[in-house]
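See structure below.
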2 protein chains.
Amino acid sequence: MKEIQNIGSELLRFDIKPSYQRIKIYDYLLKNNIHPTVDMIYKKLADGIPTLSKTTVYNTLKLFEEHGIIKSVNIEENEIRYDVQTHIHGHFKCEQCGAIYDFDYNYNDLKYSGLENFILNQTDVMIKGVCKTCASKN
Amino acid sequence: MKEIQNIGSELLRFDIKPSYQRIKIYDYLLKNNIHPTVDMIYKKLADGIPTLSKTTVYNTLKLFEEHGIIKSVNIEENEIRYDVQTHIHGHFKCEQCGAIYDFDYNYNDLKYSGLENFILNQTDVMIKGVCKTCASKN
DNA sequence: TTTCATAATTGTAATTATTATAAAATTAAA
DNA sequence: TTTAATTTTATAATAATTACAATTATGAAA
């Protein structure tokens, strides 16, 4: 897990003003590296911040992504998930339990054809299947 | 482009009963290899089939995917796109014009770590950036 | 401290993609 | 032709996200 001593100064490092809500949301993402949805984040934090609005969660995640402190993961059909890991890695989605796992792959060995003169900004490798835990149950 | 002489018999090959609507939708997918959305398919075909319902398009695409004759592409945040190409390939999304391009990559050279004892069913490589056409305009 | 301007948060309503459901139409079989 | 099964259709419901305006909090200047 990514260890941040002072969440406020980490946000400032990315030019994000550290409000109470923003600190709480970033703190949650750091401590729960489970690629949560907006709804999961909102529901968990609403207990501790009774006035929290879901719009704030949306606004904050969008802001975080624009400033490059988190990434959105598009592996689901219907909803966006969020990820604080900053190194390049792939995502595995278990078709049985729905969990999303990180994995490493050999990014530099990946060679393409058909993208000559294209500008590549972001590469994502996504795999669907059955995770180890579910596979052992069957 | 995938060349199909007889669309009806191609559908039958995948155990899909070739109704009028199904033939029209599959024909559109074959002739318009642009990873269209449900809405794009519906709007184009509604001219020729005035009674066409969007639900039919949804039902048909779901059926097609279940029978393995098409694949859904999840590169967009908010909507699903559809693809008739059956060989393994990646998808490139242009952040400027929004177009989605196919590209080839060396699938067999892709090595993972962290997925030991996982069952892998489907791999997708997605890249975002700026396409050749848009890049030359800038 | 008070005032003022700016930024952040909130609640509500609107939008959009998708799914559920049941009726109507079509097809295939007896 | 009658009947049953399948397909299509229209409408309503769901769910994620965005738009928007009002409220609240923050920080600097007077």
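Just so we're clear, the structure is a prediction, and the values are computed from it rather than from any experiment.
- Looking at B/I127 and B/I75, their side chains never come closer than 4.5 Å, going by heavy atoms from C-beta outward.
- Atom CD in A/E79 sits about 13 Å away from atom C1' in D/dT14, given to the nearest Å.
- Residue B/T51 places at least one side-chain N or O under 4.0 Å from the OP1 or OP2 atom of D/dT9.
- Computed from coordinates, the A/Y58 OH to C/dA14 P distance equals 18 Å when rounded to whole Å.
- If you measure from atom CZ of A/R22 to atom P of D/dA25, you get 15 Å, rounded to the nearest angstrom.
- Between C/dT12 and A/T55, no contact under 4.0 Å exists linking OP1 or OP2 to a side-chain N or O.
- Residue B/R81 contributes atom CZ, which lies 11 Å from atom P of C/dT18 at whole-angstrom precision.
- Other residues, nucleotides and ligands contribute only 12 or fewer heavy atoms inside 6.0 Å of the NZ atom of A/K24.
- Taking atom CG of residue A/N78 and atom P of nucleotide D/dT14, one finds them 16 Å apart after rounding to whole Å.
- Separation of atoms NZ (A/K111) and CZ (B/F103) is listed at 13.0 Å; rounding is to 0.5 Å.
- Remark: C1' of C/dT16 and CE of B/M40 are 16 Å apart, rounded to the nearest angstrom.
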Acceptor/donor pairs from residues 45-56 of chain A side chains to any protein atom, 3.5 angstrom cut, sequence neighbours excluded:
from: A/S53; atom 1: OG; to: A/T55; atom 2: N; distance (Å): 3.1
from: A/K54; atom 1: NZ; to: A/D39; atom 2: OD1; distance (Å): 2.5

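- A side chain to side chain donor-acceptor pair (under 3.5 Å) check over residues 116-132 of chain B, counting only residues at least two apart or in different chains, returns the pairs A/E95-B/N121, B/E77-B/K128, B/Q122-B/D124.
- When each of B/K17 and A/K17 is assigned the nucleotide of DNA chain C with its nearest heavy atom, A/K17 is the one assigned upstream, toward the 5' end.
- One finds no side-chain N or O of A/Q21 lying less than 4.0 angstrom from the OP1 or OP2 phosphate oxygen of D/dA25.
- Comparing A/N59 and A/K54, the nucleotide of DNA chain D nearest to each residue sits closer to the 5' end for A/K54.
- Side chain of A/T60, nearest nucleotide from D/dT9, C/dA17, C/dT9: C/dT9.
- When the P atom of C/dA17 is taken as reference, atom CG of B/L61 falls 14 Å away, rounded to whole Å.
- Protein atom NZ of A/K62 is 17 Å distant from nucleotide atom P of C/dA7, rounded to whole Å.
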